[in-house]
Amino acid sequence: MKIRLSIVCFSVTRLSALVALCLSIASCGLPVNSSKTVSISSGKSQAMDWLSAAQSNPSANIFKNSITQVRNSLTSTDIVMEYPEDNGACADEIDGITLAYVKTPTETSDINVCSIALEYSNEILAQVLIHESIHIAGVEDECGTTYIETHIVHFAGQKPFENGYVESCGGSYDFSDISFSTFSDDFNAVSGWNPFKFDFPVRY
């Protein structure tokens, strides 16, 4: 991700200090979680809570087998933190940011979480972990994975955020029963768990 700074008439020293500050919060103008309470364990716990809630929702009967498989995947799969300096997929920010990924073949992969994902809300991390667990369970197609992911969050009584796949997958999958909150143009106002659509490419 390219960070653009509009700074005029600052000394080089002061500019360097501002850049350091900006990088220290891992985001400039992005919906950063100021509480700094997001962790892999808290995101996983939230994801497991949502999976339990979705599984007990009678409306989710068609997804029950999928939910069971996702729970098993998330329970048994190692979650590995990756930093940009590791020079893996998390370092590729040319055309957006990567929050997490799994390798192919998915069933033998860890869930790799990029460090920048912890700068967002606990709930966003939970949804990302559900998405990656669906891949681990054997669904490699991003449209199919997103369809299951968003419905699990929806049936858990939450409003899923709209990832970058929803718009392109809308022709092949019906997302009309899910209430996305994408009406605000000011994504800088997002605080905590307020579903939104990223205004820049996000991969996971």
Side-chain angles (χ1 to χ4, degrees), residues 1 30-31 40 43-44 46-55 57 59-75 77 79 89-90 92-93 95-107 109-114 116-117 120-184 187 190 193-204:
M1 174 178 50
L30 302 184
I40 296 294
K44 180 177 179 178
Q46 182 72 80
M48 294 300 289
D49 287 347
W50 284 356
L51 287 162
S52 295
Q55 197 159 36
N57 186 336
S59 299
N61 283 336
I62 193 172
F63 289 93
K64 284 198 180 295
N65 288 338
S66 295
I67 294 169
T68 298
Q69 292 176 12
V70 174
R71 284 178 60 89
N72 292 341
S73 295
L74 184 54
T75 300
T77 303
I79 302 175
C90 297
D92 180 14
E93 298 181 347
D95 58 349
I97 63 171
T98 300
L99 296 181
Y101 68 96
V102 295
K103 298 176 182 177
T104 303
T106 55
E107 61 271 15
S109 177
D110 297 328
I111 295 176
N112 298 277
V113 173
C114 301
I116 195 172
Y120 296 90
S121 70
N122 193 55
E123 290 83 358
I124 287 176
L125 177 58
Q127 184 173 328
V128 168
L129 290 175
I130 288 172
H131 180 101
E132 299 306 333
S133 297
I134 295 167
H135 283 320
I136 296 292
V139 184
E140 295 188 8
D141 172 63
E142 292 294 357
C143 289
T145 299
T146 296
Y147 183 76
I148 298 169
E149 159 207 348
T150 52
H151 277 80
I152 287 174
V153 178
H154 173 72
F155 287 127
Q158 306 295 322
K159 289 185 179 180
F161 74 83
E162 182 176 347
N163 68 26
Y165 303 116
V166 170
E167 187 173 345
S168 60
C169 297
S172 52
Y173 288 86
D174 182 10
F175 294 91
S176 61
D177 55 336
I178 298 180
S179 301
F180 289 115
S181 297
T182 60
F183 304 106
S184 174
F187 72 96
V190 173
W193 180 231
N194 180 9
F196 65 100
K197 179 178 180 178
F198 283 95
D199 282 11
F200 47 89
V202 174
R203 295 177 293 269
Y204 67 95

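Expressed to the nearest 0.5 Å, how far OG of S66 lies from CD1 of I134 amounts to 8.0 Å. The distance from the CZ atom of R203 to the SG atom of C90 is 10.0 Å, given to the nearest 0.5 Å. Once rounded to the nearest 0.5 Å, the distance linking CZ of F155 with OG1 of T150 reads 9.5 Å. Here the straight-line distance linking atom CD of E140 with atom OG1 of T106 works out to 4.5 Å at 0.5 Å rounding. Between N57 atom CG and I152 atom CD1 the span is 12.0 Å, to the nearest 0.5 Å. For the atom pair NZ of K44 and CG of N122, the computed distance is 13.5 Å after rounding to the nearest 0.5 Å.
Here F175 pairs with Y147 under the ring pair (Phe, Tyr, Trp, His ring centres under 6.0 Å) rule; sequence neighbours left out. A117 pairs by the side chain to side chain contact (heavy atoms under 4.5 Å, CB included) definition with L99, V113, L125, not counting sequence neighbours. Qualifying side chain to side chain donor-acceptor pair (under 3.5 Å) partners for Q69, counting only residues two or more places apart in sequence or in other chains: none. Listed by chain and residue number, D174 satisfy the side chain to side chain donor-acceptor pair (under 3.5 Å) test with S176 (two or more places apart in sequence, or in another chain). Residues satisfying the side chain to side chain contact (heavy atoms under 4.5 Å, CB included) criterion with S109, sequence neighbours excluded, are V102, K103, N112, I136. The side chain to side chain donor-acceptor pair (under 3.5 Å) test applied to R71 returns S52, not counting sequence neighbours. Residues meeting the side chain to side chain contact (heavy atoms under 4.5 Å, CB included) test with T68, sequence neighbours left out: Q55, N72. Applying the salt bridge (Lys or Arg N to Asp or Glu O under 4.0 Å) test to E107 and every residue at least two apart in sequence or in another chain returns nothing. For H151, the side chain to side chain donor-acceptor pair (under 3.5 Å) test picks out D177, with sequence neighbours left out.
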Inset, instruction - Applying side chain to side chain contact (heavy atoms under 4.5 Å, CB included), run through E149 and N163 and close with a yes or a no. - result: CA-CA 10 Å; E149 159 207 348; N163 68 26; 3.5 Å; yes
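A heavy-atom distance below 4.5 Å is found between the side chains of H131 and Y165. Side-chain contact between F63 and H154: absent, with no pair of heavy atoms (C-beta onward) separated by less than 4.5 Å. T77 is not listed as a side-chain neighbour of E132, based on a closest heavy-atom distance of 4.5 Å or more. Side-chain contact check for T146 versus V166: some heavy-atom pair is nearer than 4.5 Å.
What you find for S133 and I111 is that their closest heavy atoms are OG-CD1, 3.7 Å. The shortest heavy-atom contact between V70 and I130 is CG1-O, 4.1 Å. Smallest separation of non-hydrogen atoms from M48 and L74: SD-CD2, 3.5 Å. For the residue pair A60 and I67, the shortest heavy atom distance occurs at CB-CD1, 4.5 Å. Closest approach of V128 to F161, counting heavy atoms only: CG2-CZ, 4.3 Å. The two residues W50 and Q127 make their nearest non-hydrogen contact at CZ3-N, 4.0 Å.
Among residue pairs with one or both ends in residues 141-173, those qualifying as disulfide bond (SG atoms under 2.5 Å apart) are C143-C169; sequence neighbours excluded.
Judged by distance alone, the side chains of T145 and H135 do bring a donor and an acceptor atom under 3.5 Å apart.
Open room surrounds CG on N65; 12 or fewer heavy atoms of other groups in view lie less than 6.0 Å from it.
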